[in-house]
Amino acid sequence: MNITEFHAALKNKKTSVKETVVSYLDKIKKENKNLNAYLEVFTEESEMLAEDIDKRIKEGEEPSGLLGVPIAMKDNILIRGHIASAASKILGNYIASYDAFVVEKLKEAGAIFLGRTNMDEFAMGSSTENSAYGPARNPFDPERVPGGSSGGSAAAVGGGLAMAALGSDTGGSIRQPAAFCGVVGLKPTYGAVSRSGLIAMASSLDQIGPIAQSVEDAETIFNIISGKDGLDSTSTELGDPSSEPQKRPGRQVAKIGVPKEYFSEGLDSRIKKSIDDIIGKLSKDYEIIEISLPHTKYALDCYYIIVPAEVSSNMARYDGIRYGMRQNAPNLLGVYKKSRGEGIGLEVRRRILLGTYVLSHGYYDAYYSSAQKVRALIKKDFDEAFKKPAHNATHSVAGGVDIIIAPTTPSPPFKIGEKSDPLSMYLSDIYTIPANLAGVPALSLPIEKIDNLPVGIQLIAPHFKENRLFGLGREIEKLFK
Amino acid sequence: MISKEDIEHLKDLARVEFGKNETEKLAEDLGVILAHMDSLKDADVSGAPETARAIDIKNVFKKDELAARDAEADQYQTAIALINAFPEKYEAGHGTYLKVKSIL
């Protein structure tokens, strides 16, 4: 049951919030030991809140927005009074002292938090195998990963253990697990959603977004959590969503760009065929244009320089002094080193070290400075693809597209343990990373399964044009109904 | 390639420890990752500005005022939560002291 159906059922008195919440809690109790999607479940609290909301509805409140909606929260988003561990040992006992901006918004909207979900430690990983609390599993095949780093959130929604969830996306951490678990995932425009209360990984790329069962549900959640926040200076007011003329529902888009770099070597041929089929169907109503994003080949390397650099700085705060786990040692430096050595997992420490290296004297220009320049080139690729040709252009120009279609991942979900070296794991984010570097919004939605395993298609729009993603997303969703 | 001495130096700079086996694996992994990143040298970055964020943002200044979320009772609760989060404490007399290793 998705949010729209749930609210309809509440209006028709077919169900109550309490009944729905309890049915989720029962399912979690039965299935979470295998899936390991939740690290903690807020059983009593969610039941009590459900009763309150039922009372409000009985007294005449209209079920709309997110009222009574049971939501799972990624473990790197702060809920006051609850542990937020980012799936790390060093924060295993850390209790949040304030609400994240998105949590405040969801609370105001009447959402119910079912629990906090498993993830790769500090969001570093693409499979949820890097959790200090054991890997989460794919609800469609327990031998396989749910993706990551928001793997617990995606597995919870895909497995029917939550109506929707929040995740965070730095290089694909919402879209890739959404694709692997057969659900919808949105990475909003950088700045569209406040990062206040999100445990930072790479601050210039991180963005919170919804994981949901339908495009409409993702849109509902996005509309509630987005907006300017005084506690995140990079957050921006979206502007008036009605300012873009609605030609007709779902038709904010006329020209669809297909970037050739996303369909070359490395893409599973079955995923390519599925997406080609969809593009074929869309070509009846939309103009399809092959485009080029020529700097795509540098995106992965650019990303894996910028991210460790920002990680090495953001992770410096976990030193065992003010909060989290402290290990004793004869002197202060020893306390830092031991607390971090024992409290932080291998992949995170590997990135801290790599980041320290690329920022250090003598290597800065070769790595960090050149990565920051390549980021400008990747952004320019997108700017040019979306740039409208001049009105007096006499010939058709490649570019000027309204939206871009691409695969979300190069392959269907892989097996747990299959990608043991870091580089092969990094490569699984190859199609999702460029949108983060360019700051543009992107949506993954499920398409036809391959060997019973979910895969996704990715839509990418210009900055702050999330409405185009939702419009075309709904059209593609209809093809599978 | 990254040398063992480099790694030992980086560990000190970054204030992290690695086990002996981890260190050996680390040298190998970092070597592979850094070799892959050499591809960036092929990119023509002449004229490209160093870009810290994809969205243009300006410095934000605001008045130093109490906001609604900083109400007095709330502040007290937050202070208690922060004290509770401290890993080591020492209770004496009328107070709770927060304990750290001596700095000097």
Side-chain angles (χ1 to χ4, degrees), chain A residues 94-95 97-98 189-191 204 230 233-234 236 295 297-298 301-302 304-305 312 316 319-326 331-333 335-338 340-342 344 346 349-350 352-354 356-357 360 366-367 369-377 379 421-423 426 437-440 463, chain B residues 2 6-7 9-19 22 25-26 28-30 32-55 57-60 62 67 69 74 77-82 84-88 98-104:
Chain A
Y94 169 68
I95 296 173
S97 59
Y98 66 100
T189 307
Y190 183 81
S204 76
S233 301
T234 62
T236 318
H295 296 94
K297 60 179 177 221
Y298 300 119
D301 291 337
C302 173
Y304 275 103
I305 290 171
S312 70
D319 54 7
I321 301 300
R322 289 155 300 150
Y323 48 81
M325 193 187 79
R326 183 188 293 180
N331 58 40
L332 186 64
L333 192 62
V335 170
Y336 294 148
K337 286 183 89 170
K338 205 167 171 209
R340 289 159 67 76
E342 293 186 14
I344 300 177
L346 182 60
R349 279 180 289 140
R350 185 157 48 211
I352 291 172
L353 218 69
L354 186 57
T356 307
Y357 181 75
S360 59
Y367 292 110
S369 171
S370 79
Q372 294 284 65
K373 289 174 182 166
V374 170
R375 163 156 39 188
L377 299 176
K379 177 178 182 274
D421 68 296
L423 195 59
Y426 296 172
L437 290 170
V440 292
H463 295 136
Chain B
I2 186 162
D6 280 344
I7 290 201
H9 179 53
L10 287 169
K11 284 195 220 171
D12 283 338
L13 284 177
R15 295 176 168 175
V16 279
E17 269 181 1
F18 288 83
E22 285 180 339
K25 178 94 169 42
L26 190 72
E28 191 188 313
D29 287 342
L30 292 188
V32 173
I33 295 167
L34 288 167
H36 197 273
M37 284 169 182
D38 276 344
S39 88
L40 280 189
K41 295 197 177 115
D42 303 336
D44 177 12
V45 294
S46 55
E50 276 195 37
T51 305
R53 278 190 182 79
I55 304 279
I57 51 168
K58 285 191 235 86
N59 254 338
V60 176
K62 55 182 181 180
R69 72 216 279 178
D74 217 42
Q77 289 302 323
T78 303
I80 299 291
L82 294 177
N84 287 341
F86 214 83
E88 274 184 88
L98 307 177
K99 207 172 157 189
V100 289
K101 276 267 175 276
S102 60
I103 306 289
L104 294 171

Expected output: side-chain B:R15 to main-chain A:L333 donor-acceptor under 3.5 Å: no
Main-chain N/O of A:V335 paired with B:K101 side-chain donor or acceptor, under 3.5 Å: no
To the nearest 0.5 Å, tell me how far [X] [atom1] sits from [Y] [atom2].
X	Y	atom1	atom2	answer
B:D38	A:Y367	CG	OH	5.0 Å
B:L40	A:I305	CG	CD1	4.5 Å
B:L10	A:Y357	CG	OH	8.0 Å
A:S370	B:M37	OG	CE	10.5 Å

Which heavy atom of [X] sits nearest to which heavy atom of [Y], and what is that distance?
X	Y	value
B:A14	A:L353	CB-CD1, 4.2 Å
A:S97	B:T78	O-OG1, 4.2 Å
B:E50	A:S369	OE2-OG, 2.8 Å
B:A54	A:K379	O-CE, 2.6 Å
B:P87	A:G320	CG-O, 3.5 Å

Best-contacting candidate, [options], against chain A by heavy atom pairs under 4.5 angstrom:
options	answer
B:N59, B:L34, B:I7, B:I80	B:L34
B:E22, B:K11, B:Q77	B:E22
B:V16, B:V32, B:V60	B:V16
B:L30, B:L13, B:D6, B:I103	B:L30

Interchain contact, B:L98 with chain A, by part (heavy-atom threshold 4.5 Å): neither
Part of A:A371 lying under 4.5 Å from any heavy atom of chain B: both
Per-residue contact mode, A:T356 against chain B (heavy atom under 4.5 angstrom): both
Within-4.5 Å side-chain heavy-atom neighbours: A:Y298 and B:D42: yes
A:K337 side chain near B:D12 side chain, heavy-atom distance below 4.5 Å: yes
Chain B contacts, top residue of [options] (heavy-atom pairs, under 4.5 Å):
options	value
A:I321, A:L377, A:I352, A:L354	A:I321
A:K297, A:H463, A:R349, A:R340	A:R349
A:T189, A:I95, A:N331	A:N331

B:D29 with A:R350: basic N within carboxylate O range, under 4.0 Å: yes
Residues B:V100, A:R326; criterion side-chain contact (heavy atoms from CB on, under 4.5 Å); working and verdict: CA-CA 10 Å; B:V100 289; A:R326 183 188 293 180; 3.8 Å; yes
